[in-house]
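Here is the structure we will look at.
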There are 2 protein chains.
Amino acid sequence: MEDAGLERLMSLRGLRRTPQRVAVWNALAESPGQTIRELAARLQGSGIGQATVYRAVRALEDAGLLLRYAAPRGELRYAAVLGHAHLLVCEECGSVRSLEQCGLAAYEDEVARTTDYRISGHTLVVYGVCPACQEAL
Amino acid sequence: MEDAGLERLMSLRGLRRTPQRVAVWNALAESPGQTIRELAARLQGSGIGQATVYRAVRALEDAGLLLRYAAPRGELRYAAVLGHAHLLVCEECGSVRSLEQCGLAAYEDEVARTTDYRISGHTLVVYGVCPACQEAL
DNA sequence: CCGTAGATGATAAGATTTATCACGTATGGA
DNA sequence: TCCATACGTGATAAATCTTATCATCTACGG
């Protein structure tokens, strides 16, 4: 697993590498696109308290190790990432995968030029229908 | 105001143009980047019930007339839009403006080609520091 | 191997969101 | 224009979700 990268990034950001935080990240790496309460329910079986899940998600997200996005039905969902990434969400089955490629540097430059903002980053979520769901339709 | 466009789009999507929904949209057009409870508090003075605010936001968003995005601190915030737009959020003062230009068609094509997803849309939020806050720093 | 700052678990407290239901009204057709 | 009705609203209760508290535990640097 890429735990090596995770561990390095956690210490880089000053986060203690606790079993609970690793479990939260792993759960979101295996099943991206969960809500916090789904995560909490799933991890309670491992003896992890729900308050800890909330805190771990907050900490990991602040460290840039989780991506949060606004899903349909007004939900906040999360996915594990190791660096900058975009999300590709299937509107039919709800599955999520991350896109490593990021072609937005030029766009950011253009925005910076036209708005005089100092750009620090962005979040992109692309919606569509995955191949499997296209077949099923 | 662009209520003409709003009214047209509401009927196009099968939404009744009630004063409450118009008030919600107008409040988010005047002050983009509010949470639902901020909206509800603000509109309660106009005699609009909080349940109605929740319902109106949901309806307007489903109709594509509001943009929802995941703000720092785990909050869901909203901004009024009339068509497709991106958001530019200032991380210092929290102000939000919309970007009309969208240079992501080529990127969507590339994602569609490499993933075999049928792409239907995207949400982009750009973070940075606005000119006023840059001065203040 | 120790000391300590920081993390966890359990539960209580607080806040947010939804459900319910009687009443009101926007909208299409006569 | 006026009516009928399907849809929306307001008030409040109920359900959910999130955070705070505090005693205990532990990851990590020395």
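Fair warning: this is a prediction, and the values are worked out from it, not measured in the lab. Letters go in sequence order (proteins before strands), and every chain restarts at 1.
Rounded to an integer number of Å, the gap from CD1 of Ile48(A) to C1' of dT11(C) is 18 Å. We find that CZ of Arg73(A) is positioned 12 Å from P of dT16(D), with the value rounded to whole Å. Between the CG atom of Leu60(A) and the P atom of dA7(C) there is a distance of 11 Å, given to the nearest Å. Rounded to an integer number of Å, the gap from CG of Leu15(A) to P of dC28(D) is 10 Å. Here dC17(D) presents its P atom at 19 Å from CD of Glu75(B), a figure rounded to the nearest Å. Spacing between atom CD of Glu38(A) and atom C1' of dT16(D) amounts to 14 Å, rounded to whole angstrom units. Atoms CD1 (Ile36(B)) and P (dT18(D)) sit 13 Å apart, rounded to a whole Å. To the nearest angstrom, C1' of dT17(C) lies 14 Å from CZ of Arg68(B).
Across all strands shown, Arg16(A) has heavy atoms under 4.0 Å from base atoms, whether or not it also approaches the sugar-phosphate. Within the nucleic acid shown, Gly47(A) comes within 4.0 Å of sugar-phosphate atoms alone, with no base atom in reach, counting heavy atoms only. Counting non-hydrogen atoms under 4.0 angstrom, Arg58(B) reaches the backbone sugars and phosphates but no base. Residue Arg55(B) is classed as a base contact, given a heavy-atom separation below 4.0 Å to a base.
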Could you give me the CA-CA distance, side-chain angles and deciding distance for His86(A) and Tyr107(B), then say whether ring pair (Phe, Tyr, Trp, His ring centres under 6.0 Å) is met?
-> CA-CA 12 Å; His86(A) 298 159; Tyr107(B) 181 74; 5.7 Å; yes
What's the verdict on side-chain hydrogen bond (donor to acceptor under 3.5 Å, both in side chains) for Arg42(A) and Ser31(A), showing C-alpha distance, side-chain angles and the deciding distance?
-> CA-CA 11 Å; Arg42(A) 173 175 177 172; Ser31(A) 300; 3.2 Å; yes
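Using a 4.0 Å cut-off, some side-chain N or O of Gln20(A) falls inside it from OP1 or OP2 of dG9(C).
For the pair Cys102(A)/His122(A), a side-chain contact is recorded, criterion being any heavy-atom separation below 4.5 Å from C-beta on. Inter-residue side-chain proximity for Thr52(B) and Thr18(B) is flagged as unmet; no heavy-atom pair is nearer than 4.5 Å. Between Leu15(B) and Arg21(B) there is a side-chain heavy-atom pair separated by less than 4.5 Å.
Set against dG8(D), dA13(D), dG10(D), the side chain of Gln50(B) has dA13(D) as its closest nucleotide. With dT12(D), dA27(D), dC17(D) as the choices, the nucleotide that has an atom nearest any side-chain atom of Pro19(A) turns out to be dA27(D). Looking at the side chain of Arg21(B), the nearest of the listed nucleotides dT16(C), dT8(C), dG8(D) is dG8(D). Candidate nucleotides dT27(C), dT19(D), dT8(C) were compared by shortest atom distance to the side chain of Tyr54(A), and dT19(D) ranks first.
Checking Thr18(A) against Gly49(B), the closest nucleotide of DNA chain D that is more toward the 5' end is the one next to Gly49(B).
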